[in-house]
Amino acid sequence: MAEEKRKNQKRTARRRAPFQMRINTRYAPRKVADGEARSCISETSLTHDQMLELYRYLKLTRLVEERIVNLYRQTKVVGGVYRSLGQEATAVGSAYALRPDDFITPIIRDLGACFVKGIRPREILAQYMAKAWGPSGGKDLNVHFGYMDKGFIGPISHLGDMIPVMNGILLGARMQKKEIVGLAYIGDGGASTGAFYEGMNFAAVQRLPLIVIAEYNHYAYSTPTNMQTAVRNLVEKAAAFGIPGFIVDGNDVIACYEVTKRAVEHARAGHGAVLIEAKTYRRKGHAEHDDQRYIPEGEIEWWEQHNDPIDRFEKFLVDQKVATLEKFQEITAGVMHEVDEDSEWAESSPMPEPEGAVYGVFDNSVVPPAFRPGVLES
Ligand SMILES: Cc1ncc(C[n+]2csc(CCOP(=O)(O)OP(=O)(O)O)c2C)c(N)n1
Ligand SMILES: [Mg+2]
């Protein structure tokens, strides 16, 4: 009987092995003793100049968001303000691993990825203030706009839906014989939607070059992740699709870059989709109006003091003798200058003309602008 049981266990283990082997936790966060400062992984192909560029993107993301909050408090922002405070390394590091012709579709926590993709702060600022010069001419907010020519597919609000949309982009590219990859971001909450499962399954079975970064930032609105999914790690879901999965320390910008780079190589070589889970933490509420009263005491402060992605990268750059404090100050001053200039530009933009509301929503060469006669004149 015992012999039979042992045999069965062995058989089950053999059946499970391929999936388990696919889940690579090499980049799981290194445990450090309390009080010891974290740094970043040192195995990297990045040059010193590239590291400084990454640093610049991290600072740009943080300072643009601070400016948006400032404008929000002056009531100049229309709609909600969504921060990526504490998560900047995930967006910046992953997007940095792409080629310019690759596609991304971010979520609200990925402002840094937008900057890496060539979006300018002025566009984001004008968009937040619903100005006429903003990319959608005042029709939507934050990162909800797109530029096909820059490989930037702005998200719609519906969580999960951008995965199937990115599949469509990648299928189209395959038909046009373009060797691009698509990077889609999803939150831990979004990874529980039906669209996510259908999209991942389709990408896997079609071996599409899709990379999905699942951001485990501990909350979806006010719901802690362990109250909306039974898996401990989101990457375990990769097994359901039969694709490789990786866990990365989402607050280590170098690790985020390296793991995405490997996923990009895998996808571009025709081996199909990859799921990467980035372990990180949302230090602000869902949006600026959220007072975070549901967060256990001391949790935010712990992440701020012990696991801030910019602090960690600064420590790494100093330890590796890539930069000095003066260099950080010089880069930060340059970023501040750009934010000031772009903020002035965005504020000087007029508000949109009312007629604009009926254009650019549907393809007006197919669907004529629909409005009741007389409405716009009043
Ligand atoms: C299909 C769908 N359900 C619900 C919502 C409402 N909603 C917007 S953001 C959000 C929380 C998202 O959490 P998560 O996916 O973890 O992303 P995070 O905000 O943490 O980055 C919810 C429930 C939505 N936009 N779409
Ligand atoms: Mg979340």
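Whatever order the structure lists them in is the order used to number ligands and atoms, beginning at 1. Atom set for the values below is all heavy atoms of this structure, side chains included, hydrogens, waters and symmetry mates excluded.
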Atom nearest to the Mg ion (ligand 2) - D188, N, O or S atoms considered: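 Of the nitrogen, oxygen and sulfur atoms in D188, the Mg ion (ligand 2) lies nearest to OD1.
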Give the single entry among T225, I108, T229, L159 that approaches atom 24 (C) of ligand 1 most closely by any heavy atom.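 Residue with the shortest heavy-atom distance to the ligand atom: L159.
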Looking at non-hydrogen atoms alone, which of Y185, F196, Y221 comes nearest to atom 8 (C) of ligand 1?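 It is Y221 whose heavy atom sits nearest to atom 8 (C) of ligand 1.
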Counting only heavy atoms, which portion of E215 has something under 4.0 Å from ligand 1: side chain, backbone, both, or neither?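 Looking at E215 and ligand 1, no heavy atom falls under 4.0 Å.
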Which one holds for Y219 and ligand 1: side chain close, backbone close, both close, or neither close, with close meaning a heavy atom under 4.0 Å?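 Looking at Y219 and ligand 1, just backbone atoms fall under 4.0 Å.
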Which residue holds the protein heavy atom closest to atom 14 (P) of ligand 1, what is that atom called, and what is the gap in Å?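 Of the protein heavy atoms, G189 N, 3.5 Å lies nearest.
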Nearest protein heavy atom to atom 19 (O) of ligand 1, by residue and atom, and its distance?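 Going atom by atom, the protein heavy atom closest to atom 19 (O) of ligand 1 ends up being R109 NH2, 2.9 Å.
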Atoms in ligand 1 with a heavy atom of H158 nearer than 4.0 Å: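 Close to H158: 26 (N).
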Can you check the angle at the Mg ion (ligand 2) formed by O of Y219 and OD1 of N217? Round it to the nearest 10°.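 Rounded to 10°, it measures 80°.
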Which residue is it: T260, I254, V253, L54? I am looking for the one with a side-chain contact (heavy atoms from CB on, under 4.5 Å) to Y96.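 The side-chain contact (heavy atoms from CB on, under 4.5 Å) with Y96 is passed solely by L54 among T260, I254, V253, L54.
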Sole residue of D290, I68, L141 in side-chain contact (heavy atoms from CB on, under 4.5 Å) with Y82: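 Single side-chain contact (heavy atoms from CB on, under 4.5 Å) partner of Y82 among D290, I68, L141: L141.
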Can you tell me if K237 uses its side chain to pair, donor with acceptor, with the backbone of A191 under 3.5 Å?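 Present.
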